[in-house]
Structures are given as structure tokens and as C-alpha cells.
Amino acid sequence: MPQMTRVVTSISEMRAASFEARSKGKTVVLVPTMGCLHDGHRALLKKGRAEGGLLVMSLFVNPSQFGPAEDFASYPRDLDRDLKIASEEGVDIVFAPDAGEMYPPGFSTWVEVEGLSNRLCGASRPGHFRGVATVVLKLFNAVQPQKAVFGLKDFQQFRIIERMVRDLDLPVEVIGVETVREPDGLAMSSRNSYLTPDERMAARAIPDSLRAAREAVGAGVQESRKIVEKVKKIIEGEPLAVLEYIKVCDGESLEDSEEASSGSVLFLAVRIGKARLIDNTKLVQ
Ligand code: PAF
């Protein structure tokens with residue numbers, strides 16, 4: 001029988017619960033989410049549950065990380081289902097503030113992680129990572145976790161949060177969890193729900209292309225240009241897919257790499273119908 005999960009909406013109540021747990025020697029673990037939970041989130045929650053005493057899942061569709069022409073209004077929301085999943089995964093507290101609690105009138109302070117935030121998704125989504133870094137810092141301040149768990153599908157986001165934690169001396173251990181995939185390899189994402197059946201079929205080109213890239217590197221191809229060409233051919237062979245970017249980058253600095261090496265990661269973003277899907281793979285396993 002899953003336990004009942006407590007829902008907290010105010011920052012002051014969240015902090016009080018966290019201080020109480022910490023005063024009893026419990027480790028507070030945060031799993032930040034925007035809801036619409038899927039098996040990828042379940043993996044984050046399982047990791048969080050294994051890591052600590054008080055497991056907090058935040059549920060907040062953060063307006064500041066969406067551009068004006070993006071899907072903030074239509075982003076899928078299903079609170080009852082999310083609460084059920086949270087309770088099944090042993091979450092102690094769901095922290096679900098409203099936008100007014102997180103962004104009071106006159107809000108004007110932002111966190112910019114320079115450099116890392118401008119490339120890859122940052123180039124096509126100006127301001128996105130400023131919104132992410134700011135809300136994650138605010139969530140850390142509200143929840144006061146010693147540990148926080150993030151998915152590695154959003155690899156650039158993960159590196160940005162690690163850098164923010166390092167640069168601002170935040171006392172939080174940032175933990176990454178491998179991407180959870182559908183049986184055909186498509187990375188789980190809340191935005192997969194936008195895909196029609198035909199578009200869902202077309203989306204298989206993404207994991208297929210990542211596999212082809214890994215195979216090419218395994219067969220001795222090192223030049224990034226040639227790896228990118230291979231991926232491009234597979235994505236462009238799918239009429240419903242519109243390629244936004246493919247890049248081979250250093251997995252730490254996220255700077256472009258001329259050649260694939262042990263630290264290289266291939267990143268891509270593809271639009272299929274209303275969905276903008278991102279994925280990545282290490283090239284040398
Ligand atoms: O990865 C997400 O779901 C969001 O970017 C996050 C980290 C919850 C911040 O809004």
C-alpha cells in the first residue's frame with residue numbers, strides 16, 4: 001500500500017519541513033520535475049528514494065524557461081496522476097508552488113551560467129537556461145536538499161546545474177540518472193505525448209541515428225563531420241522530422257569536437273509535428 005504524499009505549496013512550509021527532517025539527521029533529497037511524470041521520472045524518484053531520508057519532488061511548470069512562442073500554455077499537466085505516481089515511488093513531500101509563490105511581483109534576479117548556456121539548445125532557445133538555473137536555485141533554497149537528482153537526457157541542463165552548484169558554492173550533491181527509453185529506443189519525454197501515431201513512428205529515426213553514430217565510431221570513424229553526416233542522413237530520410245542541430249561535443253565543456261574521443265557526446269534536437277525532441281549519446285562506450 002503506497003504511503004500518502006504530503007503536498008506543500010508555500011516556500012515557508014517547505015523549508016520548515018526540510019529543517020525538521022535535517023534536525024533529525026535525515027538527508028533531504030530533491031527531484032525537480034515539471035510533472036506529467038513518466039518512467040524516466042520514476043527512475044529519478046527511485047534513485048532519490050535510495051539516496052536519502054526525506055524525498056521531495058518539486059512539481060512546477062516553470063514559465064521562465066519557456067520562450068514566448070513555446071508550449072508553456074499547452075505543456076501537459078495532470079496533477080492527480082502525478083500525485084499517484086509520487087506516492088507509489090515513496091515521495092514524502094510534493095512541493096507544488098504556484099507561479100506567484102516562485103515569482104513574486106517585481107521579480108528581477110536571474111542566474112546566468114555563461115558559456116555553457118549559449119550553445120546547443122541555448123542557441124535556439126534564448127533565455128531557456130537562465131530560467132532553468134534560476135528556478136533550480138530557487139528550488140534548492142526552498143527545499144534545502146543535500147542531494148538533487150536530474151535526468152541525463154537533458155545533458156546540457158545537467159552540466160549547467162553542476163557548474164552553478166560549483167560556482168555558487170551550493171552545498172548540494174548533483175546526481176545524474178541515465179535516460180530511460182521506450183522499447184524502440186526513443187527517450188522518454190513528456191513531450192512525446194504531442195506525437196500522433198505517424199509522428200511517433202517517425203521519431204524512431206532519433207534513436208536509430210544515435211545507434212548508427214555509435215556504430216560508426218565503433219567501426220573506426222573518428223571525424224565528427226563524418227559522424228554528423230551519417231546522423232543527418234537518417235534524420236533527413238524521415239519526411240516528418242525537421243533537424244534543428246546535431247553536434248559532437250566534449251562532454252564536459254560542451255564545446256565542439258573535431259574528432260570523437262572517449263569524452264565525446266553527440267547531441268541532437270529534432271522537431272516532429274508539435275514536439276521538439278532532444279537526445280544525446282556517448283560515442284565511445
Ligand atoms: O528538467 C526539467 O524538468 C526542468 O528543466 C526542471 C529541472 C524541473 C526545472 O524546471
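Keep in mind it's a predicted model, so treat the numbers as computed, not measured. We count ligands from 1, going down the list as the structure has it; atoms in each ligand are counted the same way.
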For P32, counting its heavy atoms only, list the atoms of ligand 1 lying under 4.0 Å from any of them.
8 (C)
Give the atom numbers and elements of ligand 1 that come within less than 4.0 Å of a heavy atom of V135.
9 (C), 10 (O)
Tell me the nearest of Q65, K138, H128 to atom 9 (C) of ligand 1, using heavy-atom distances.
Q65
Ligand 1 to Q157 polar contact by distance, N or O atoms, under 3.5 Å:
yes
With heavy atoms and a 4.0 Å threshold, my read on which part of T33 contacts ligand 1 is backbone
Where is the nearest protein heavy atom to atom 3 (O) of ligand 1: which residue, which atom, and how far?
M34 CG, 3.7 Å
Lys/Arg-Asp/Glu bridge criterion (N-O < 4.0 Å) met for E70, R125:
yes
Linking I/L/V/M/F/W/Y whenever any side-chain heavy atoms sit under 4.5 Å apart, do M34 and F140 land together?
no
Charged N to carboxylate O below 4.0 Å: is that the case for E229 and K226?
no
Do the rings of W110 and F107 sit parallel, tilted or perpendicular, given the 30° and 60° boundaries?
perpendicular
Sequence neighbours excluded, which residues qualify as salt bridge (Lys or Arg N to Asp or Glu O under 4.0 Å) partners of K147?
E51
